[in-house]
Amino acid sequence: MRLADRFPVDLISVDSALVYRHMNIGTAKPEPETLCQYPHRLIDIRNPEENYSAGDFVRDANREIDMILAANRIPLLVGGTMLYFRALIDGIADLPEADADIRAEIDREAASVGWPALHAELAEVDKVAAERISPNDSQRIQRALEVYRSSGKPLSAWHAQSGRPVERRFVKFALLPEPRSALHARIEKRLHAMLENGFLDEVRALQAREGLTEDLPSMRAVGYRQFWRHVAGVEELQEATDKALAATRQLAKRQITWLRSETDIVTVNPLETDPVHTISAHIAREIGS
């Protein structure tokens with residue numbers, strides 16, 4: 001938002017949870033008055049009962065980028081869903097559409113034998129995908145098995161024929177907080193602030209929505225997944241809080257790993273220096289060139 005005060009940029013959210021309406025506290029969604037002053041495209045575009053994929057994001061983001069460029073402004077993509085960034089920049093395979101019946105069948109099997117068992121099944125039909133997916137990553141195991149069962153072709157084979165990305169030049173910046181202990185302390189402080197601001201009430205309201213279950217992608221978001229079980233009476237608050245804290249730290253670690261693997265990226269430690277100055281200097285040079 002500070003960059004939007006300095007340059008003719010329009011903001012596009014790159015966040016797999018911010019796309020959902022009614023998920024505000026747990027996603028740290030900007031306040032409505034903030035969004036009025038600094039509009040973020042691709043926020044609040046789906047109900048939490050609906051699916052939203054990387055393919056959906058690429059389609060939507062390309063549309064918004066074209067509109068922004070046509071207005072002689074600069075698209076500024078901001079967020080933490082690395083898969084979305086990579087799909088947009090590097091291209092994405094034209095995967096089969098979601099099949100609700102197959103997903104329901106996989107969920108029933110998972111409830112019976114557990115996700116690690118389904119991960120073992122995935123390893124038999126798609127060793128490449130299984131090596132990339134944790135045995136407890138239910139969402140990705142489900143999608144990989146769904147693709148295989150619906151098409152007869154492994155997910156890794158679909159990815160191997162990834163579609164060619166739109167020819168655009170991206171200037172990439174990464175905020176990499178160090179030391180890690182300071183990042184972990186901020187993560188814990190942020191989680192407690194969310195709870196104080198009514199996060200549990202938000203989860204209760206979501207749980208009361210017709211057709212919304214804990215297995216849907218929206219409710220697999222970090223924080224929602226853990227506190228859903230507490231609100232449902234399955235886990236104590238402290239247990240849910242500890243699990244949410246651990247999951248958030250793991251998410252941050254994965255994000256940092258993704259960012260460190262990127263090429264041609266400018267990294268900034270926001271705990272040591274003001275990243276706006278560094279990014280502004282690069283943007284000014286890009287505009288000048």
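Counting begins at 1 with the first residue of the sequence. In this text the structure is predicted, and so the values were computed from the model without any measurement.
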Exercise. Which distance, rounded to the nearest 0.5 Å, do you find between the OG of Ser134 and the CZ of Arg254?
Worked result: 8.5 Å
Problem set entry | Minimum heavy-atom distance Pro217-Gln139, with the two atoms named | CB-NE2, 3.6 Å
Show me the donor-acceptor pairs, under 3.5 Å and distance only, between side chains in residues 175-185 and residues at least two apart or in other chains.
residue : atom : partner : partner atom : Å
Glu178  : OE1  : Arg180  : N            : 3.4
Glu178  : OE2  : Arg260  : NH2          : 3.2

Exercise. Do side-chain atoms of His40 reach the backbone of Leu11 as a donor and acceptor pair under 3.5 angstrom?
Worked result: no
Exercise. Is the shortest heavy-atom distance from the side chain of Glu49 to the side chain of Glu210 under 4.5 Å?
Worked result: no
Problem set entry | Check ion pair Glu146-Arg143 (N to O, under 4.0 angstrom) | yes
Exercise. Under a 4.5 Å side-chain heavy-atom rule over Ile, Leu, Val, Met, Phe, Trp and Tyr, are Phe199 and Val231 clustered together?
Worked result: yes
For this session: Ignoring hydrogens and angles, tell me if any N or O in the side chain of Gln142 forms a donor-acceptor pair with the backbone of Asp107 under 3.5 Å.
Result: no
Problem set entry | Audit row: Trp228, Val234, side-chain contact (heavy atoms from CB on, under 4.5 Å) steps and yes/no | CA-CA 9 Å; Trp228 178 288; Val234 177; over 6 Å; no
Problem set entry | Distance, nearest 0.5 Å, that separates CZ of Phe7 from OG of Ser280 | 4.0 Å
Exercise. Which distance, rounded to the nearest 0.5 Å, do you find between the CG of Leu195 and the CD1 of Ile25?
Worked result: 9.5 Å
Exercise. Any idea which heavy atoms bring Asp99 and Ile102 closest together, and the distance?
Worked result: OD1-N, 3.0 Å
Exercise. Would you call Arg204 and Asp201 a salt bridge, using N to O less than 4.0 angstrom?
Worked result: yes
Exercise. Where is the tightest heavy-atom contact between Ser151 and Trp158, given as atom of each residue plus distance?
Worked result: OG-NE1, 3.2 Å
Exercise. For residues Glu50 and Tyr20, is any side-chain donor paired with an opposing acceptor at under 3.5 Å?
Worked result: no
Exercise. Do the side chains of His22 and Glu202 get nearer than 4.5 Å, heavy atoms only?
Worked result: no
Exercise. Roughly how far apart are Glu214 CD and Leu206 CG, rounded to 0.5 Å?
Worked result: 13.0 Å
Counting only pairs under 3.5 Å, give me each side-chain donor-acceptor contact of residues 115-124, with atom names and distances, residues two or more places apart or in other chains.
residue : atom : partner : partner atom : Å
His119  : NE2  : Ala130  : O            : 3.0
His119  : NE2  : Ile133  : O            : 2.7
Glu121  : OE2  : Arg149  : NH2          : 2.8

Problem set entry | Test item: Val14 and Leu88 side chains (from C-beta on) under 4.5 Å apart, heavy atoms | no
For this session: Identify the residue among His230, Lys243, Gln226 that makes a side-chain hydrogen bond (donor to acceptor under 3.5 Å, both in side chains) with Glu235.
Result: Lys243
For this session: Answer yes or no: is there a side-chain heavy-atom contact under 4.5 Å between Arg140 and Leu155?
Result: no
For this session: Give the cluster check for Val171 versus Ile279: same hydrophobic cluster or not, with ILVMFWY residues linked at side-chain heavy-atom distances below 4.5 Å.
Result: yes
Exercise. Checking Asp56 side chain against Ser53 main chain: does a donor-acceptor pair fall under 3.5 Å?
Worked result: yes
For this session: Measure from the side-chain N and O atoms of Lys29 to the backbone N and O of Met23, and report whether any donor-acceptor pair falls under 3.5 Å.
Result: yes
Exercise. Hey, what do you get for CD (Glu236) to CG (Asp242), rounding to the nearest 0.5 Å?
Worked result: 11.5 Å
Problem set entry | Taking every non-hydrogen atom, the tightest pair across Pro30 and Ile43 | CD-CD1, 4.3 Å
For this session: Check the pair Gln250 / Lys253 against side-chain contact (heavy atoms from CB on, under 4.5 Å), numbers first and verdict last.
Result: CA-CA 5 Å; Gln250 291 167 2; Lys253 182 179 179 180; 5.5 Å; no
Exercise. Taking C-beta and beyond as the side chain, do Asp60 and Val19 meet within less than 4.5 Å on heavy atoms?
Worked result: no
Exercise. Nearest heavy-atom pair of Ser156 and Ala129: which atoms, and what distance?
Worked result: CB-N, 4.3 Å
Exercise. If Ile, Leu, Val, Met, Phe, Trp and Tyr residues are connected whenever their side-chain heavy atoms lie under 4.5 Å apart, and connections chain through other members, are Leu237 and Val203 in the same group?
Worked result: yes
Problem set entry | Donor-acceptor under 3.5 Å (Asp126 side chain, Pro154 main chain) | no
For this session: Please check if Ile187 and Tyr224 belong to a single hydrophobic cluster, counting links between Ile, Leu, Val, Met, Phe, Trp and Tyr side chain heavy atoms closer than 4.5 Å.
Result: yes
Exercise. So if you build clusters from Ile, Leu, Val, Met, Phe, Trp, Tyr with side-chain heavy-atom gaps below 4.5 Å, do Ile68 and Phe57 land together?
Worked result: yes
Problem set entry | Closest non-hydrogen atom pair between Leu259 and Ala174, with its separation | CD2-CB, 3.8 Å
Exercise. CD of Glu64 to OG of Ser13: how many Å apart, nearest 0.5 Å?
Worked result: 11.0 Å
For this session: Answer yes or no: is there a donor N or O on one side and an acceptor on the other, between the side chain of Arg220 and the main chain of Asp215, under 3.5 Å?
Result: yes
Problem set entry | Residue pair Arg190 / Arg186, side-chain heavy-atom distance below 4.5 Å | no
Problem set entry | Option passing side-chain contact (heavy atoms from CB on, under 4.5 Å) with Ile89 (candidates Arg169, Lys172, Arg168) | Lys172
For this session: Before giving the answer on side-chain contact (heavy atoms from CB on, under 4.5 Å), spell out for Arg6 and Ile283 the whole-Å C-alpha distance, their side-chain angles and the decisive distance to 0.1 Å.
Result: CA-CA 10 Å; Arg6 300 187 179 198; Ile283 292 178; over 6 Å; no
Mind listing the side-chain donor-acceptor pairs of residues 69-86 below 3.5 Å, one per line with the distance, residues two or more places apart or on another chain?
residue : atom : partner : partner atom : Å
Arg73   : NE   : Asp10   : OD1          : 2.8
Arg73   : NE   : Asp10   : OD2          : 3.3
Arg73   : NH2  : Val9    : O            : 2.9
Arg73   : NH2  : Asp10   : OD1          : 3.1
Thr81   : OG1  : Ser16   : N            : 2.9
Thr81   : OG1  : Ser16   : OG           : 3.4
Arg86   : NE   : Glu262  : OE2          : 3.3
Arg86   : NH2  : Ser261  : OG           : 3.1
Arg86   : NH2  : Glu262  : OE2          : 2.9

For this session: Using the side-chain contact (heavy atoms from CB on, under 4.5 Å) rule, take Leu191 and Thr248 through it: C-alpha gap first, then chi angles, then the decisive distance, then the call.
Result: CA-CA 9 Å; Leu191 179 60; Thr248 307; 5.5 Å; no
